[in-house]
Amino acid sequence: MAAGNPVLGALQRPLRLAFAHAEKLLDRVFPGHWNPLYNLGTLGFFMYWIVAGTGIYLYIFFDTGLTEAYDSVEYMTNDQWYLAGVMRSLHRYASDAMVLFMIIHIVREFSLDRYRGSRWFSWLTGAPVIVLLFVSGITGYWLVWDRLAQYIAVKTTEFFDWLPIFGAPIAANFVTPASLDDRFFSLMIFLHIAAPLFLLFMLWIHLQRISRARSNPPRGLALGISAALLALAIVKPAVSQAPADLSVMVTSIKFDWFYIGLYPLVDIWSAGAVWGALAFFGLTLIVMPWMPPMRRPAAAEVHLEHCNGCRRCVEDCPYGAVTMQPRTDGANFDLEATVDPDLCVSCGICSGACPSSMPFRRRSELVSGIELPDFTIADLRRRLHKASEKITGDVRIVLIGCDNAARVERLTGPCVAAVSLPCSGMLPPPFIDYILARGLADGVFITGCREGSCYNRFGQTWANQRIDRERDPYLRRRVPRERIARYWAGPADDRVLAREIEDFAERLRALPAPQAVPDMSVVDKVGAQ
Ligand code: HEM
Ligand code: SF4
Ligand code: SF4
């Protein structure tokens, strides 16, 4: 992980480790890609759809009059408990869950340092989502018009009255029953419908700069969460408190900490202090992507003389940073790849996809059609040779890892030398062939982020598919599969990864000595494999 701001970095490290342990634990409970911590964004979306669906049903029975609202909610909760009542509970609990998933999502993205550089857009467009989600939830509580709504109404208006923006204090609306009119209530209903719609629009924008964005969780996870919410709705239905009565002061209420958890602070501190804290938090969130140091790894570069316009880099780039455009160099291909440096996160996945990332070259310099200037394909070949020279043990393993997962350099020894890449998806499959065919090692061990949690979204998926011959560029059939091992491991998995490597070494020891592989033909032509 790239080093960022030292203060934020000191916060990130323990958080990252805590997430790594929690992810490991949840991986035991949730099979495959179902781990909720890998699906926080998609779960947020899923909660949104539950809230929207149940909200539409509730609106059919909701009476918008100031005096009738409470009774209509009571009717739904008690008389039609089996449907409207359950819908109400689902509406409440899914809204709470959306806040929870969002908060964990923000903290996880922050801990992973995924808010800077080209990722600033996803981070910044998250900020209005936070505001809109709270506006949606708080105005929803208001509509029930019970004691909790009364508390929220009084505290919110007092809080806003601190700002010198309203001519007359809006809290005056809630002084006596006579001072409140239907218009204020209609405004809340309008906000409770408009804010979620705008929220959905902002979520759509939030996903605009990543390719193949997922907005649906895996089906099994979605079913499991739905069942859990339904069970909660039946066991502990959401109910109203006593009806609002502006002639009495609210002294005790049951609280919802997800949406109004900060309200007591207005009394403990003051409205001004809470505004100050919110402004500080909001501004910090907004400027975080641009906090010094502003070091940013160089974006991928295209070398036209090695690009045949095959589009593989476009297909594999997780951040939509590569596009094709008409050829500009007169070569006999229609299209050429072009990189938008503002979108590129320097993961190197594109160079893992390029057919020109072919290490078996003798006559010409090794250059790929697309590669990272700070870590070229020629650098990779050089580092592999250097790593291979360090191995002195009875069995020789090259361990290829990723900078964002388990630290492979900690796992080296007489039998193991390591090379770490910006992402496991940067490894072109011909390099595995090359390591074994050229006798650089007896086996290749590939590791990277835990299954389903790739730091660069698709690096691990593409690496798996290329090795399993499901995705171009395929690993050649002739490569002995028993000499390749894969284990996806996070930063907290050093020990288990070490054990897996040791097991692999044992398996390699039991194999007959590697067969001499016929030397590969010299491949210099663009796109040849
Ligand atoms: C409930 C509200 C939110 C939902 C439903 C949501 C959903 C998502 C989804 C679905 C993704 C894409 C995941 C993928 O396909 O890889 C994503 C990415 C991201 N989100 Fe959110 N998000 C929410 C709020 C926020 C907030 C408030 C922030 C930060 C202030 C934030 C920061 C990010 C970042 C930085 C990424 C990009 C990660 C990357 O570059 O791979 N999100 N979000
Ligand atoms: S390094 Fe390549 S794959 Fe990664 S974001 Fe940049 S262009 Fe896309
Ligand atoms: S040859 Fe390489 S750089 Fe050119 S389009 Fe194909 S993958 Fe991209």
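Just follow the structure's listing: the first ligand is 1, and inside any ligand the first atom is 1.
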**Report entry** Residues in contact with ligand 1, criterion: heavy atom under 4.0 Å
**Finding:** Gly41, Thr42, Gly44, Phe45, Met98, Met102, His105, Ile106, Glu109, Arg114, Arg119, Ser122, Trp123, Gly126, Val129, Ile130, Leu203, His206, Leu207, Ile210, Ala213, Arg214, Tyr319, Arg457
Which of the atoms of ligand 3 are close to [X], meaning less than 4.0 Å from one of its heavy atoms?
| X | answer |
| --- | --- |
| Cys313 | 3 (S), 5 (S), 7 (S), 8 (Fe) |
| Ile370 | 3 (S) |
| Arg311 | 5 (S), 6 (Fe) |
| Gly369 | 3 (S) |

Query - Distance below 2.8 Å from atom 6 (Fe) of ligand 2: protein N/O/S atoms - result: Cys344 SG
Query raised in the report: Would Arg471 and Asp316 pass as an ion pair if we require N to O under 4.0 Å?
Result: yes
Query raised in the report: For Arg28, does the CZ atom sit with more than 12 other heavy atoms under 6.0 Å from it, leaving out its own atoms?
Result: no
Query raised in the report: Considering residues, nucleotides and ligands other than Tyr57, do more than 12 of their heavy atoms fall under 6.0 Å from its OH?
Result: yes
Query raised in the report: His192 and Phe62: ring-ring contact (aromatic ring centres under 6.0 Å, His included), yes or no, with the steps?
Result: CA-CA 13 Å; His192 190 57; Phe62 183 68; 8.8 Å; no
Requested in this report: Measure from atom 2 (Fe) of ligand 3 to each N, O or S atom of Cys307 and report whether any distance is below 2.8 Å.
Outcome: no
Report task. Measure Glu336 to ligand 3 on non-hydrogen atoms and call it side chain, backbone, both or neither using the 4.0 Å cut-off. Result -> neither
Requested in this report: Using modelled atom types only, decide if a donor and an acceptor are shared between the side chain of Asn39 and the backbone of Thr42 within a distance under 3.5 Å.
Outcome: no
Query raised in the report: So, Arg438 side chain and Phe360 main chain: donor-acceptor pair closer than 3.5 Å or not?
Result: no
**Report entry** Within-4.5 Å side-chain heavy-atom neighbours: Asp468 and Tyr474
**Finding:** no
Report task. Decide yes or no for Tyr319 and Arg457: does some side-chain heavy atom of the first lie under 4.5 Å from some side-chain heavy atom of the second? Result -> yes
**Report entry** Check: Thr461/Asn464 side-chain N/O donor and acceptor closer than 3.5 Å
**Finding:** no
Query - side chain to side chain donor-acceptor pair (under 3.5 Å) partners of Ser368, counting only residues at least two apart - result: Ser357
Query - Quiz item: cation-pi between Arg383 and Phe375, 6.0 Å / 45° - result: yes
Query raised in the report: Quick one: does NZ or CZ of Arg114 land under 6.0 Å from the six-membered ring centre of Tyr455, within 45 degrees of the ring axis?
Result: yes
Query raised in the report: Among the heavy atoms of Ser356, does any lie under 4.0 Å from an atom of ligand 3?
Result: no
Query raised in the report: Could a heavy atom of Asn308 be found less than 4.0 Å from some atom of ligand 3?
Result: yes
Report summary line: With sequence neighbours left out, the residues meeting ring-ring contact (aromatic ring centres under 6.0 Å, His included) with Trp123 are Tyr115
